[in-house]
Amino acid sequence: MGLLATFLLPAVSAEASAPLRTHAAAKGKFIGAALATGPLSNETAYRNIAATEFNQVTAENAMKWDSTEPNPGQFNFSGADAIVDFAVQNDQQVHGHTLIWHQQTPGWVQGLSASAMREAIERHISTVVGRYADNPAVVSWDVVNEVFEENGNFRTSFWYNTLGQSYIADAFRAARAADPDARLCINDYNVEGINAKSTAMYNLVRSLRQQGVPVDCVGFQSHLAIQYGFPNDLQQNLQRFADLGVQVRITELDVRMQMPRDSSKDATQATYYRNVVNACLAVEACAGVTIWGFTDKHSWVPDTFGGEGAALIYDENYQKKSSYDAVHDTLASGSGTDDTTPPTTPGTPTASNITSNSATLSWSASTDSGGSGLAGYNVYREQGSTDTLLGQTSTNSITLTGLTPDTEYQVYVRARDGAGNLSGNSPTATFTTEEGPSGGGGCTATGTVQTEWQNGYVVQPVTVTNTGTTAIDGWTVTFTLPAGHTLAGSWNATLTVSGQTVTATNAAYNGNLAPNASTTFGFQVNRPNGDTQTPSGYTCA
Ligand code: 9MR
């Protein structure tokens, strides 16, 4: 080999080619896969990859209720044991999936009376969790799975219809009793971004923990699809849960596409995998990433979504795809590329559809040549030294809501790439929102103190009601904090504090209120020990 070629070789080629688990472990994270018992028992290639690439496994189906307790009190652990034994042999952690779910639960459970259902939950959890309580490989459980609807209401499953939401706390307590050392998780899909469903989950986790219910961890399934766009606020969302004191984890990652595959779809898919791994690396409380399978030969996607597939990191012949390289390189390097080149600066935004509280902006798109790919745009309000981020988008337009009536906005846009590099600021655009409804009295707000303790309290709900005769598209509530009180967190609205005045604007999903309709938000406050005052002067505009 010539001298020049030697110089061009990467300095750490041996380590760089190491399997995923080596790089993940070096970062203090796990990289896992869901395993199916069929190929695990009869396909050598499947076993080899499962053993060498991953340091964590989840049973794709073998630990669900219909597998472990098909008939009342009659337990069958053959599939579950096969996966746990495999993990022990290969020095892997096992995440137990799942104890309480509305699917794959036998009919005999679904028809039980409330008291019999409570007993069945108790027996099932104590037996299943108890079986592996002394096995050091089994470290965590999905105690409840998919308890929310998309709008944030509780799913009206047979569990909820028979027991109300009490089954959730009961299940966590039963699991803690069965294995005091296991990490206990709540898991769901479509909660990767900040939205009504993830906010409902956030509120539930916070309230359960305030009541002493042992919720230790939150799982974000992450069944993504390239045609629906990447949840750009994933990292921010993981962080807000982490700030509650729980562990977070990506539990069922796959990224499907409309078939047939092509190189451009593969490249987009690789960017999604890279972005998810990067988000987990960036959040200290994120324990790791589990992929929902690893080979396109065995994936739930084609059976569920007609015409879609190729969602995993190996193809159906066990060949690595670009998405494998993306996961590998991101775990190895931190950003997945050496990309320090920002995207090009976006064009001047143009404002349209301006109302009293919303406006649409669009601009000419940026391009990214640094390797990590264009991830989206941040939209800012120019306010001297403290510009505010008004919103994020993955396309070159955005509709801003919650704006203040009759107000001039100077805005600009910056493009973001997959490695987090930000472009220069676009030129600014200026627009002025329309005047608000005359008289200003289109809505009301009332706040209720839900719980209080010596040096703090939670106000929940603050109920915002449209008292006018036309629909509201965005609202602003103001109120006054007593002296010495400081905001400690909020949900379902964006709160800013100036002196003791707090201004709350609607979130993206709860700004629209038909006449007489209401929505709610909440917040938490720290106050001096012994002070019993609470906020006052709620007004809505
Ligand atoms: O991948 C699982 C598939 O083999 C099963 O047929 C299906 C049954 O509903 O469950 C799939 O796994 C689901 C997981 O347990 C919970 N989150 C969604 C997953 C994909 O449907």
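Order of appearance sets the numbers: ligands from 1, and atoms from 1 within every ligand. Please read these numbers as outputs of a predicted model, since none were measured by experiment. Any value given below was found using the heavy atoms of this structure, including those in side chains, with hydrogens, waters and symmetry copies removed.
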Exercise for review: Look at Arg176 together with Asp216 and state whether they make a salt bridge at an N to O cut-off of under 4.0 Å.
Suggested key: yes
Study note, to complete from the structure: Ordered by chain then number, the protein residues lying under 4.0 Å from ligand 1 by heavy atom are Glu60, Asn61, Lys64, His97, Trp101, Gln103, Gln104, Asn145, Glu146, Gln221, His223, Glu252, Trp292, Trp300
Exercise for review: Kindly state whether the ring of Trp159 and the ring of Trp65 have centres lying under 6.0 angstrom apart.
Suggested key: yes
Check your understanding: Within 45° of the ring axis of Tyr202 and under 6.0 Å from its six-membered ring centre, is that where the NZ or CZ of Arg240 lies?
Key -> yes
Point to revise | Distance flag, aromatic centroids of His223 and Trp300, threshold under 6.0 Å | key: yes
Check your understanding: Between Arg118 and Thr162, is any side-chain donor less than 3.5 angstrom from a side-chain acceptor?
Key -> no
Determine all donor-acceptor pairs shorter than 3.5 Å in which one atom belongs to a side chain in residues 79-95; sequence neighbours excluded.
residue: Asp81; atom: OD1; partner: Arg131; partner atom: NE; Å: 3.1
residue: Asp81; atom: OD1; partner: Tyr132; partner atom: OH; Å: 2.6
residue: Asp81; atom: OD2; partner: Arg131; partner atom: NH2; Å: 2.6
residue: Asn90; atom: ND2; partner: Phe86; partner atom: O; Å: 2.8
residue: Gln92; atom: NE2; partner: Ala50; partner atom: O; Å: 2.9
residue: Gln92; atom: NE2; partner: Phe54; partner atom: O; Å: 2.9
residue: His95; atom: ND1; partner: Ser140; partner atom: OG; Å: 2.7
residue: His95; atom: ND1; partner: Arg249; partner atom: NH1; Å: 3.2
residue: His95; atom: NE2; partner: Asp142; partner atom: OD1; Å: 2.9
residue: His95; atom: NE2; partner: Asp142; partner atom: OD2; Å: 3.1

